[in-house]
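Every heavy atom of this structure was used, including side-chain atoms; hydrogens, water molecules and symmetry mates were not. Here is how names work: the chains are called A, B, and so on, in the same order as the sequence lines, proteins then strands, and each is numbered from 1.
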Protein chains: 2
Amino acid sequence: MVEVSRRQAIEDVASDLFRERGYAATSIRDIARALSVQGASLYAHVTSKEDVLWAIVDRAASRFEAAAERAEGEAERRRPGDPAEAVAALVRAHVEVLTGDVDESGVFVREWRSLGPERRSAVLARRDAYEARFRRHIHAGIALGTFEMTDPAIAASALLSAINGLASWYDPKGRLPAGRIADHLVDLSLRMLSSES
Amino acid sequence: MVEVSRRQAIEDVASDLFRERGYAATSIRDIARALSVQGASLYAHVTSKEDVLWAIVDRAASRFEAAAERAEGEAERRRPGDPAEAVAALVRAHVEVLTGDVDESGVFVREWRSLGPERRSAVLARRDAYEARFRRHIHAGIALGTFEMTDPAIAASALLSAINGLASWYDPKGRLPAGRIADHLVDLSLRMLSSES
DNA sequence: CGCTTAGCCTAACGATCGTTAGTTAGGGGC
DNA sequence: GCCCCTAACTAACGATCGTTAGGCTAAGCG
């Protein structure tokens, strides 16, 4: 709630509303109402409704990418060439970003399809590059015998779907703290891939 | 394309549009245009836009429930009390329903939140009952030592998220036939839970 | 031939949508 | 005292939304 700028405050309430009602079902006036302001007033800070969605999605995407980059680096430094370590680090980083800002992440996961064609396909490409990180380590793990022989593309999609699903059911005030959930998801992910425990 | 009734034809094209653009971003006139008809003409067959969504979601939910019921029965008949057999049957049945009608299933997975409060919470309850089937078998498998000790609720959510993600990336004309994908997802699901291979 | 029914039409309703234009209120720096 | 900047306002634009009302056409059947 430490809104450094008005623009940030708008994106915050927009994240909240987009996440729970969806982008198309949320009007500019809905966002304005949550800020106790007239709808037209938002256009002093924002150029269009889609720009708000884009800002949210772009920032969330950057967060996931940066966290993954860092996680892969640290995994490589800890255990060079170990696919299980790399996947574990990626999953943990993903869960941390996701639970760190449920609204923003939820919008990123579910509402990016509402972007215009060019931005939409840009996001699609970034998502594929992100998923490719997982595919790469799974492929390496299979070659090493660490992972069970399987289809890396399907395994990566299933794995990412599993942890992205968290955006739909994670509750910050829920039974388990985010760290515990991350532990469980890392375990489940590795078991899903490993040839033995 | 064997439209036995006009109503069914409407729900078919609505499933298609709702799946690719979302319910809120699809207008009655969009649906009508796909049928080469005026928007108002649809109201001779349909009482409201939400009724169309409800019909799609309700039917998809019933399909999943019926398939799960049948799968659990057959698993119990084949290998009574075997949690792995039961989970495998549930996963395979789920994938079959999903790949059998991607549009309808995709709407069920992603657009049920757009329903009004009462129908929305009815769907939520049915989804939870469906997920409880998985939780039950996972719990039993842990008690038997067949499954690794883990949190059944988290495991069930992760598992269902993984296979529901299929609705977002499955392509009937894709690289692998539905049966092969089902095989992979059954394997991944069981490995995710099993204490040993 | 007349009746029914299914299916579609045009026209329009009030509401709401995203967005633009022009204006006002208040506060800090010169 | 003047200026400008930030942030809000009111009013309205054309478009589109879900939905209703009432009338037309064509096929099936006695």
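At least one side-chain nitrogen or oxygen of A/S41 sits closer than 4.0 Å to the OP1 or OP2 atom of D/dC9. For D/dT20, the OP1/OP2 oxygens have no side-chain nitrogen or oxygen of B/Y43 closer than 4.0 Å. The shortest distance between the side-chain N/O atoms of A/H45 and the OP1/OP2 oxygens of D/dA8 is below 4.0 Å. The phosphate of D/dT19 (OP1 or OP2) has no side-chain N or O of B/R29 nearer than 4.0 angstrom.
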Task: Steps toward side-chain contact (heavy atoms from CB on, under 4.5 Å) verdict (A/R7, A/V46) - done: CA-CA 7 Å; A/R7 165 79 192 218; A/V46 148; 3.8 Å; yes

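Comparing D/dC9, C/dT19, D/dT19 by their nearest atom to the side chain of A/K49 picks out C/dT19.
Open room surrounds CZ on B/R180; 12 or fewer heavy atoms of other groups in view lie less than 6.0 Å from it.
Using a 4.0 Å heavy-atom distance criterion, A/S27 is classed as a sugar-phosphate-only contact.
For the ring pair (Phe, Tyr, Trp, His ring centres under 6.0 Å) condition, no pair includes a residue of residues 164-191 of chain B, sequence neighbours left out.
The backbone N or O of A/L124 lies less than 3.5 Å from no partner atom in the side chain of A/S121, so there is not a single donor-acceptor pair.
Taking atom CD of residue A/Q38 and atom P of nucleotide C/dC17, one finds them 13 Å apart after rounding to whole Å. As a whole-Å value, the separation of A/W54 CH2 from C/dG18 P is 20 Å. One can place CD of A/E50 at 16 Å from C1' of C/dC17, the figure rounded to the nearest angstrom. If you take CZ of A/R6 and C1' of C/dG26, they are 15 Å apart, rounded to a whole angstrom. For the pair A/I10 CD1 and C/dG18 P, the computed distance is 14 Å after rounding to whole Å. Rounded to whole Å, the distance from CD1 on A/I28 to P on D/dT16 is 18 Å. Per the geometry, CZ belonging to A/R33 stands 13 Å off P belonging to D/dC9, to the nearest Å. Look at CG on A/L42: it is 17 Å from P on D/dT6, rounded to the nearest Å.
Applying the side chain to side chain contact (heavy atoms under 4.5 Å, CB included) rule to B/I28 yields the partners B/L42, B/Y43, B/K49; only residues at least two apart in sequence or on another chain are considered.
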